[in-house]
Each structure stands twice: as structure tokens, then as C-alpha cells.
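Here's the structure, in C-alpha cells; my notes come after.
Below, each value reflects all heavy atoms present in this structure, side chains not excepted, and no hydrogens, waters or symmetry copies.
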Amino acid sequence: MIPAPDHPRWKELVTGKVQGPFDAISLNLMLNRVVRLAEKDASSANLEKLVGECHAFFTKYDKILESDRVRIFGR
């Protein structure tokens with residue numbers, strides 16, 4: 001189950017505090033982009049937007065990202 005967007009781990013993910021490499025190459029690429037954007041603009045509005053993007057990505061590709069999701073958020 002994918003955690004809600006308000007789970008604190010999402011913010012850690014988009015700010016680069018949680019790092020891979022992860023199993024899914026697509027996740028590594030997406031997170032590299034998101035972390036760079038968060039470094040450029042660390043405002044709460046931007047971080048919220050980036051968390052939303054990550055949450056949507058995990059929702060769309062849940063089956064592919066299952067092992068990475070468990071590694072990041074636990075069971």
C-alpha cells in the first residue's frame with residue numbers, strides 16, 4: 001500500500017535524504033530530477049508539488065516499484 005502524500009518519508013525522498021540506488025531505473029531517473037528541482041527551490045509549495053509527483057509516480061507504477069516502495073517505506 002502506498003503511503004499518503006503527507007507521510008514524512010516523501011519529503012525525505014524528494015530532498016535527497018533517502019537515497020538509492022533503487023531497483024527500478026525509472027525511479028532513479030525520476031528521483032534525480034526531483035531532487036535537483038528541490039535543491040533549486042526548497043519552498044514548501046514546491047516540495048509539496050514534488051511530493052505529489054512522486055506519489056503519483058508510485059501510484060501509477062506500483063507493481064514495478066513494489067520492492068523499492070518496501071525498502072523506502074517499510075511494509
Side-chain angles (χ1 to χ4, degrees):
M1 187 169 156
I2 299 169
D6 62 349
H7 190 289
R9 198 72 166 163
W10 287 112
K11 187 174 179 183
E12 293 172 357
L13 194 61
V14 302
T15 57
K17 292 179 184 170
V18 176
Q19 297 184 354
F22 299 106
D23 294 336
I25 293 170
S26 58
L27 177 58
N28 288 305
L29 294 172
M30 189 272 302
L31 287 176
N32 284 336
R33 181 184 64 80
V34 166
V35 169
R36 282 194 319 271
L37 291 172
E39 288 171 349
K40 287 182 180 179
D41 179 4
S43 68
S44 57
N46 190 51
L47 293 180
E48 185 177 322
K49 176 183 159 261
L50 297 173
V51 164
E53 285 184 33
C54 285
H55 187 270
F57 187 84
F58 271 83
T59 301
K60 184 173 183 176
Y61 299 108
D62 184 40
K63 298 281 187 200
I64 297 168
L65 301 175
E66 184 175 5
S67 66
D68 291 321
R69 179 180 43 80
V70 170
R71 186 181 313 157
I72 296 166
F73 296 100
R75 296 213 175 250

Asp41 side chain to Asn46 main-chain N or O, any donor-acceptor pair under 3.5 Å?
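No; zero donor-acceptor contacts below 3.5 Å.
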Would you say the side-chain atoms of Glu66 pair up with the backbone N or O of Lys63, donor to acceptor, closer than 3.5 Å?
no
To the nearest 0.5 Å, how far apart are [atom1] in [X] and [atom2] in [Y]?
{"X": "Arg69", "Y": "Thr59", "atom1": "CZ", "atom2": "OG1", "result": "10.0 Å"}
{"X": "Ile25", "Y": "Met30", "atom1": "CD1", "atom2": "CE", "result": "14.0 Å"}
{"X": "Thr15", "Y": "Leu50", "atom1": "OG1", "atom2": "CG", "result": "10.0 Å"}
{"X": "Asp23", "Y": "Arg71", "atom1": "CG", "atom2": "CZ", "result": "4.5 Å"}

Take a 6.0 Å sphere around CG of Leu29 and say whether it holds more than 12 heavy atoms from other residues, nucleotides or ligands.
yes
Can you establish whether the number of heavy atoms outside Glu12 located under 6.0 Å from its atom CD is more than 12?
yes
With Asn32 via side-chain hydrogen bond (donor to acceptor under 3.5 Å, both in side chains) - residues at least two apart:
none
Any side-chain heavy atom of Glu48 within less than 4.5 Å of one from Val51?
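No, every pair of side-chain atoms sits at 4.5 Å or beyond.
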Tell me the closest heavy-atom pair linking Arg33 and Glu53, and the distance in Å.
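Here Arg33 and Glu53 meet closest at NH2-OE1, 2.8 Å.
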What is the minimum heavy-atom distance between Ala24 and Ile64, and which atoms define it?
CB-CG2, 4.5 Å
Determine the sole option in Leu65, Asp62, Val34, Leu31 for which the side chain to side chain contact (heavy atoms under 4.5 Å, CB included) test with Phe57 is passed.
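For Phe57, the side chain to side chain contact (heavy atoms under 4.5 Å, CB included) test succeeds with only one of Leu65, Asp62, Val34, Leu31, which is Leu65.
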Quick check on the hydrophobic clustering: are Val35 and Val14 connected, directly or via other members, by side-chain heavy-atom contacts under 4.5 Å?
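Per the 4.5 Å side-chain linkage, Val35 and Val14 are not co-clustered.
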Is it true that Leu47 and Leu13 fall in one hydrophobic cluster, defined by side-chain heavy atoms closer than 4.5 Å?
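Both belong to a single hydrophobic cluster.
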Any ring-ring contact (aromatic ring centres under 6.0 Å, His included) pairs touching residues 9-45, not counting sequence neighbours?
Trp10-His55, Trp10-Phe58, Trp10-Phe73
Salt bridge or not between Glu39 and Arg36? Use side-chain N to carboxylate O under 4.0 Å.
no
